[in-house]
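For reference, the structure discussed in these notes is given below.
Here the structure is a predicted model, which is why all the values come from computation and not from measurement. A, B, ... follow the sequence lines: proteins, then strands. Residue 1 opens every chain. Basis for what follows: all heavy atoms, side chains included, without hydrogens, waters or symmetry-related copies.
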2 protein chains.
Amino acid sequence: MSVRVLIVDDHPIVRQGLRAALEDGGLSVVADVGTGERALELVPELRPDVVVMDLQLGAGLDGAETTRLLRALPEPPRVLVLTTYDSEADILRAIEAGATGYLLKDAEPGELRAAIATAARGETVLAPSVATRLVSRVRAPARTLTARETQVLRMVAEGASNAAIARELFITEATVKSHLVQVFAKLGVDNRTAATAEARRRGVIR
Amino acid sequence: MSVRVLIVDDHPIVRQGLRAALEDGGLSVVADVGTGERALELVPELRPDVVVMDLQLGAGLDGAETTRLLRALPEPPRVLVLTTYDSEADILRAIEAGATGYLLKDAEPGELRAAIATAARGETVLAPSVATRLVSRVRAPARTLTARETQVLRMVAEGASNAAIARELFITEATVKSHLVQVFAKLGVDNRTAATAEARRRGVIR
DNA sequence: CCCGGCCTCCAACTTTGGTTGGAGGCCCGC
DNA sequence: GCGGGCCTCCAACCAAAGTTGGAGGCCGGG
């Protein structure tokens, strides 16, 4: 019996392409939808084995959040993330939300079908570039930013001053500077603009 | 006789989706290719009326450059850009490269087919959000950055210091600061990190 | 229980960035 | 030929940002 798939992507063109690619390969596409909300409605009813999920879904629920909610259902489907970006932040969010796999949209239809079969069996499947990122993250002994540091960095990237950040977070400017010292050291830079550039490059912010 | 279309997109899934959407609508897809180079090879031979072009094409020629080269051919095809982003920089580059239209990938298949018909007649077709950006750009009396200002801003966004920028451009730091004063005023901000954030938001840098 | 990481804060200092109000040369279009 | 935009440069000042070398409280794991 063939694997039952539900497609979540906000682009109609991509939905149509996926459907064609999967049905050509003998898979059964039970539905294709454009929003996370719609996916949450249909999954309990249609019981797909695998949900193919885009991360960027326009307004409303995003792909990672939808994945988390789907995985919280009784007898949840496997979720295979299929997206354009391989930023570290996206990958980590998706995996920690419970995704069984992470593929990029430049995948060939054949790879994609193989990945769905693998995901249906509950085995993890990662695109090569995604795997590389994860491995290098494990190897590099986690010069990883803490939650607070990331939060501060994100505000810096928006153009906020230290004073503004302090106000918004109800801490002193001294503390903001302390966090930034850590951030600069971890990213190997020495000023805030370089930090946002490097963070973007590494994908810790988008 | 039906409109002849050639598809250029680096994602096989999207190519398949586009092909399905267009053929369902009675259009004739003469080929779909993944690179600009391949498009340049096939167009003189297949003579499509309209080329549907993604801007992001991975390695090699990008969509804007490919558009420019296609439009330089004898009896060139119309080029309809179909992409994910509506950044000002992308839009301007595409239009000035000779694109006849600019649509976003969240378009419905029906809209897309209508746009192709319009483009085939040589009329311009813009997605609403793209049109809005263009109009607001015309209305706002061109608080537009000069070449030099953009160059400096781009280096700022990379995290370069004023001193580093001065060195690289063979000008003094005073000049760099002068340019930045202009940039800040035009973008309505008062520091370099906010400037890069705003520039990114407006799509003047990516 | 104590160690380590995280978050908070401080003072005092140096450096960089940003502001103000200029100026001159160049080139283009009117 | 001249006005205007662009690019260049200057001095001097003020305001942020970044550095250094601390410290204390909290929490979770060994």
Hey, what do you get for CD1 (B/Ile116) to CG (B/Leu22), rounding to the nearest 0.5 Å? 4.5 Å
DNA chain D: first to last nucleotide in contact with chain B (atom under 4.0 angstrom from a heavy atom), 5' to 3', is D/dC6 to D/dC10
If I take atom CZ from residue B/Arg148 and atom CD from residue B/Gln151, how far apart are they, to the nearest 0.5 angstrom? 5.0 Å
Specify the separation, in whole Å, of atom CD1 of B/Ile165 and atom C1' of C/dG17. 11 Å
Just the rounded figure in Å: distance from C1' of C/dC27 to CZ of B/Arg148. 16 Å
First locate atom CG of B/Leu18, then atom CG of B/Leu27, and finally report the distance between them rounded to the nearest 0.5 Å. 11.0 Å
Interatomic distance, A/Leu180 CG vs C/dT15 P [rounded to whole Å]: 20 Å
Rounded to the nearest Å, what distance is computed from the CZ atom of residue B/Phe184 to the P atom of nucleotide C/dT20? 12 Å
Strictly below 4.0 Å: does B/Asn162 bring a side-chain N or O up to OP1 or OP2 of C/dT16? no
Do NZ/NE/NH1/NH2 and the carboxylate oxygens of A/Asp9 and A/Arg19 come within less than 4.0 Å? no
Classify B/Thr175 by what it touches in the nucleic acid, base, sugar-phosphate, or nothing, heavy-atom distance under 4.0 Å. base
Take atom CG of B/Asp190 and atom C1' of C/dT20, then tell me their distance rounded to the nearest Å. 15 Å
Nucleotide-level pairing of DNA chain C, given in dot-bracket where Watson-Crick and G-U pairs need both distances under 3.5 Å and | marks other strands: ||||||||||||||||||||||||||||||
Does the pair A/Thr172 and A/Thr175 meet the rule for a side chain to side chain donor-acceptor pair (under 3.5 Å), with working shown? CA-CA 5 Å; A/Thr172 66; A/Thr175 307; 3.1 Å; yes
Using a 6.0 Å cut-off, check whether atom CD of A/Glu41 has over 12 heavy atoms from anything other than its own residue. yes
As an exercise, state the distance from CG of B/Leu70 to CZ of B/Arg78, rounded to the nearest 0.5 Å. 13.0 Å
To the nearest 0.5 Å, what is the distance between OG1 on B/Thr83 and CG on B/Asp54? 4.5 Å
Within this structure, what is the CD-to-C1' distance between B/Glu173 and C/dT15, rounded to whole angstrom? 11 Å
Give, for atom NE2 of A/His179 and atom NZ of A/Lys177, the distance between the pair rounded to the nearest 0.5 Å. 14.0 Å
Measure from CD on B/Gln182 to P on C/dT20 and round the result to the nearest Å. 12 Å
Find which nucleotide of DNA chain D each of A/Lys177 and B/Ala147 is nearest to by heavy atoms, and output the residue with the more 5' nucleotide. B/Ala147
In terms of the nearest nucleotide of DNA chain C, which residue is placed more toward the 5' end: B/Thr193 or B/Ser178? B/Thr193
